[in-house]
Amino acid sequence: MDVSTIIAPLNDDQRLAVSAPMQAMLVLAGAGSGKTRVLVHRIAWHVQINHISPYHILAVTFTNKAANEMRHRIEELLNTSARSMWIGTFHGLAHRLLRQHAKQAKLPDTFQVMDSDDQLRIVKRLLKSLELDDSKWPAKQVQWFINAQKDEGIRARHMSQADDFYHRQMQRIYLAYEELCDRSGLVDFAELLLRAHELLRDNEDLLAFYRERFRQVHVDEFQDTNTIQYAWLRLLTEGNNNLFVVGDDDQSIYGWRGAKIENIFAFQKHYPEHGIVRLEQNYRSTGHILKAANVLIANNENRMGKELWTAAGEGHAIGVYAAFNEQDEAYFVVEKIRQWVRDGGLRSEVAILYRSNAQSRQFEERLMTTAVPYRVYGGLRFFERMEIKNALAYLRLSSNRDDEASFERVVNTPTRGIGAKTLDDMRILARERGVSLWRAAECMLGEKQLSARAANALQGFMNLIEAIALATDGMNLYETVKYVVEASGLIELYKKEKQDKGEARVENLEELVNAAKLFDYDSENAENLSELDMFLAHAALEAGEMQGEADQDCVQLMTLHSAKGLEFKLVFLVGMEEGLFPSQQAVDEPGRLQEERRLCYVGITRAMQQLYLTYAESRRLYGKDSYPRPSRFLREIPPEALTEIRLRANVTRPASSSPATLGSMVDQNASFRLGQAVRHEKFGEGVVLQTEGSGDQEKVQINFRNAGIKWLMLAYAKLDKA
DNA sequence: GGTAAACACCTTTTT
DNA sequence: GGTGTTTACC
């Protein structure tokens, strides 16, 4: 194969990055500049030109989706299988390492990965056993605290000795949590990373082996790495100068969950011999959209600096629509979408992006009434569903009896007469003796501590698990899952449940059996795991796409966060209001405001052809009306890139919502100023929200303290300034 | 043990 | 205001 296949499809900057000498590289890739393409071609370059075997290449991403896509594209480009190449998520690769070296990682061979839901249950149980008041120590907060520590690479025993009660208590809980996990062979997501780091750090031979094996290391979305992830990368590469990272500081939107944008700066210090390439040519959006993005993001400080440009034309100006309220906003957006479809566009080319999930409702309702198919991202994923997790818990217990999370989950599901009292005693015993619940249950049965009825029920449960383990021994994965779903009694349980929900649950269980049938067991890369254990790990690490039927032509609804990495011809960025976007919490802290601005930058740069920004002048929030001001981000976008939208052609809208005076909220021509307090003889006191028209036709919208929002014709209504 | 009423909650999310 | 979770009661 000649060089041109790899090099020809690239622009100059991309070429510079792909063909750079073997050294540490920092590629600052703006939105839509061909980031993944550079990564894929760089790896192909190593294989083809530098003759590095795929065996010696490592590529790390954040999501399974990105990992799969990268592998696919590399194989396509090289026209060969890249199976021996390690491509995966941080968590997936860490898991692989821990499986391969469970002993050295001080983990049992049967260790199981738990997702955040499992983790929360474990924490809740732990808090109960420590007899802590759960209103003072909310499980969610404890979980968050523990994960934050782990993300920073801090073990409970390493926590700085703080004097305050809060931290001492947290440390105590954290310690107990670590003990509990060790005892039950459970590993949470953050633990995967932390332990993989410790594994390499504390085992010289292993570290030497992997440093030699991974001759070139590549990282996608580097701005999203947290402390422990970066530390792990450094272990593998520092001194070898072989770390190739791609990222965009302007798209760092996960600071709140531990991502360290500073890692980009740290990289430059730790790898002094690095090269830098900026990718600034954008292949996605038109000029107006990029102009808006560039000017907006320029308001942030401490940027690496980057300015997107395009060879395409200016395109349409960005539409700004000031809606009366959130219903009107939804109405406007859906009308525009229907127009798009009438003009021959696909629904799947359209996205509605919002700051928080709660905002989706208005749009769903409007889309529903107008019969426009849509799809909302961000619901429960397949492997996170209760019925699925229950079935998996049976499988996990049969594989590892000490799995506390699974034991708790199904010991009385379906109900079999094992009550809270029995369980409490069991937990106390387990804690006293430092053993798992399963062992505690065995003890209690052996020592005849239980009433006949409870003992009977408990014995029945344990017999069931043993029977499952026995019966499925020698079965393949599909047969095993099929057997367990039946034998556990779950199918029967859900068949009895209220029609609608129960039916769906049964279907999901059948889908789980089907998933087991289709599961692609790669025995070569199985790290001597059984097919079942591989399947269980897969279920924990890859929660699976949500509902099926993704292939339908649907309008896409999602948060700004989940839109990262995607692109759409037509984009609506809705709810552009102070307090919503930027969110209230972010307004109070300057650092977070910058992250909100980056989020806005991400949103704007999703649009290829047409972008609309909308806000509502009144919005029902948490049950009461609010009158937010337009988002400051609207004002930060240059007016020449914006155009104001009027739905009804012959109505003059107040100047307050025209782009030039956004935020100024003053209309010189109107008889009443916006915000003016007024009194009406029937409706009482209120505040002017907006005005429309002039002379005889002048209308004002008023929010009355008692009578709500009303439009009034000024000529008829008797209004006094209050 | 299952249901209804009371109660707290209210960014963003992947693994 | 709407939802998910805990509590109280039958």
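Every chain is numbered from 1, with letters handed out A, B, ... down the list of sequences. Note that these values count all heavy atoms, side chains included, but never hydrogens, waters or copies made by symmetry.
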Anything under 3.5 Å between a protein N or O and an N or O of nucleotides 10-15 of chain B, put it in a table, one pair a line.
| from | atom 1 | to | atom 2 | distance (Å) |
| --- | --- | --- | --- | --- |
| B:dT11 | OP2 | A:Tyr622 | OH | 3.4 |
| B:dT11 | O4 | A:Arg592 | NH1 | 3.0 |
| B:dT11 | O4 | A:Arg592 | NH2 | 3.0 |
| B:dT12 | OP1 | A:Asn357 | N | 2.6 |
| B:dT12 | OP1 | A:Asn357 | ND2 | 3.3 |
| B:dT12 | O4' | A:Arg355 | NH2 | 3.2 |
| B:dT12 | O2 | A:Trp256 | NE1 | 3.4 |
| B:dT12 | O2 | A:Arg355 | NH2 | 2.4 |
| B:dT13 | OP1 | A:Thr559 | OG1 | 2.5 |
| B:dT13 | OP2 | A:Asn357 | ND2 | 3.3 |
| B:dT13 | O2 | A:Arg257 | NH1 | 3.2 |
| B:dT15 | OP1 | A:Asn64 | N | 2.8 |
| B:dT15 | OP1 | A:Asn64 | ND2 | 3.2 |
| B:dT15 | O2 | A:His91 | NE2 | 3.2 |
| B:dT15 | O4 | A:Ser116 | OG | 2.9 |

Discussion item. Output one letter per nucleotide in nucleotides 4-10 of chain C: B when a protein non-hydrogen atom lies under 4.0 Å from the base, S when only the sugar-phosphate is that close, - when neither is.
Written reply: --S----
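- Between A:Phe461 and A:Phe407, a ring centre-to-centre spacing shorter than 6.0 Å is recorded.
- Rounded to the nearest Å, the gap between the C1' atom of B:dT12 and that of C:dT5 is 22 Å.
- Every residue two or more places apart in sequence or in another chain was checked for a ring pair (Phe, Tyr, Trp, His ring centres under 6.0 Å) with A:Tyr354, and none qualifies.
- In this structure, A:Tyr601 has no ring pair (Phe, Tyr, Trp, His ring centres under 6.0 Å) partners at least two apart in sequence or on a different chain.
- Counting non-hydrogen atoms under 4.0 angstrom, A:Asn412 reaches the backbone sugars and phosphates but no base.
- Applying the side-chain hydrogen bond (donor to acceptor under 3.5 Å, both in side chains) criterion to A:Tyr210, with sequence neighbours excluded, gives A:Gln100, A:His101.
- Listed by chain and residue number, nothing satisfies the side-chain hydrogen bond (donor to acceptor under 3.5 Å, both in side chains) test with A:Thr605 (two or more places apart in sequence, or in another chain).
- Straight-line distance between the P atoms of C:dG4 and B:dT13: roughly 15 Å, to the nearest whole Å.
- For A:Arg257, there are no side-chain hydrogen bond (donor to acceptor under 3.5 Å, both in side chains) partners at least two apart in sequence or on another chain.
- Residues that satisfy the ring pair (Phe, Tyr, Trp, His ring centres under 6.0 Å) test with A:His91, not counting sequence neighbours, are A:Phe189.
- As judged by a 4.0 angstrom heavy-atom cut-off over every strand, A:Gly419 is placed among residues making no nucleic acid contact.
- Residues satisfying the side-chain hydrogen bond (donor to acceptor under 3.5 Å, both in side chains) test with A:Tyr254, not counting sequence neighbours, are none.
- Glycosidic torsion of B:dT11 falls within 90° of 0, placing the base in syn.
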